[in-house]
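Data block below; observations after.
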Amino acid sequence: MTTAIFPGSFDPLTLGHLDLIERAGRLCDTLIVGVLYNPDKSSFFTPQQRVDMIHRALGNRENVRVVQFAGLMVELARQENASFVIRGVRGAADLQSESAMAHANGLLLPGLETVFLPASAQFEAISSSLVRQIAQFGGNLNPFVPAALVDEIAARFYNGNSHIG
Ligand code: PNS
């Protein structure tokens, strides 16, 4: 039984993330989507909202579990008995920073592999920070986030309802 973790901030989930979750789910028996809770960093959506949004966008997937985690992703991997970490890469810059992180994680938890999945071409330019900017200025979110989340994300920004989460 292979278990993989797919850690991230998912603040908020994008179409690129959803595509990676679906593809990663086909590479292992169990995929744990880890939503980072960082008390020292402000986020636009609370960890629970981010978990709920992933559930709503993903629907029922038998082999995908969504959890919150704080601290190092290797601790999540250890706790879940995962043999590899999935990370998406959108280009050369991502590859450079992700390689450094993969190396550090291998030193922290020997034997833990990192598998890079290239972003699908149509999602290469999408990021959560881009989505937040577009939402802040009332832009059309449909090309960027799952349809089920468009209204919730737009409403959060429209109401100016950001918070520390
Ligand atoms: O896709 P994101 O939002 O950039 O993901 C960032 C994330 C959550 C993977 C990263 O910030 C993280 O896991 N932080 C926890 C600390 C950690 O384990 N860092 C890597 C070891 S150096």
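Indexing begins at 1, ligand by ligand and atom by atom, following the structure's order. The model shown is predicted, which means the values in this text are computed figures rather than measured ones. Atom set for the values below is all heavy atoms of this structure, side chains included, hydrogens, waters and symmetry mates excluded.
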#### Entry: ring pair (Phe, Tyr, Trp, His ring centres under 6.0 Å) evaluation trace for Phe157 with Phe44
CA-CA 9 Å; Phe157 284 89; Phe44 280 89; 5.1 Å; yes
### Task
Let me see the working for Val85 and Glu113 under side-chain contact (heavy atoms from CB on, under 4.5 Å), right down to the final yes or no.
CA-CA 6 Å; Val85 179; Glu113 290 290 352; over 6 Å; no
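Ion pairing of Glu124 with Arg90 is absent here, as no side-chain N (NZ or NE/NH1/NH2) approaches a carboxylate O to less than 4.0 Å. Salt bridge annotation for Asp19-Arg23: present, with a cationic side-chain nitrogen under 4.0 angstrom from a carboxylate oxygen.
By the 3.5 Å distance cut-off applied to N or O atoms, Ala104 is not counted among the residues near ligand 1. Not one N or O of Asn105 is nearer than 3.5 Å to an N or O of ligand 1, by distance alone.
Ser9 OG, 2.8 Å is the protein heavy atom nearest to atom 3 (O) of ligand 1. Among protein heavy atoms, atom 4 (O) of ligand 1 sits closest to Arg87 NH2, 3.7 Å. When hydrogens are left out, the protein atom nearest atom 14 (N) of ligand 1 is Leu36 CD2, 3.9 Å; that is the closest non-hydrogen contact. Nearest protein heavy-atom neighbour of atom 18 (O) of ligand 1: Met73 N, 2.8 Å.
Contact annotation for Leu72 and ligand 1: heavy atoms of both the backbone and the side chain come within less than 4.0 Å of the ligand. Of all the heavy atoms of Met101, the ones lying under 4.0 Å from any atom of ligand 1 belong exclusively to the side chain.
With rounding to the nearest 0.5 angstrom, the CG atom of Leu95 is 12.0 Å from the CZ atom of Arg87.
Taking every non-hydrogen atom of Gly71 and a distance limit under 4.0 Å, the qualifying atoms of ligand 1 come out as 15 (C), 16 (C).
No more than 12 heavy atoms of other residues, nucleotides or ligands shown are found within 6.0 angstrom of CG on Asn81.
Remark: the backbone N or O of Phe45 is paired with a side-chain donor or acceptor of Ser43 at under 3.5 angstrom.
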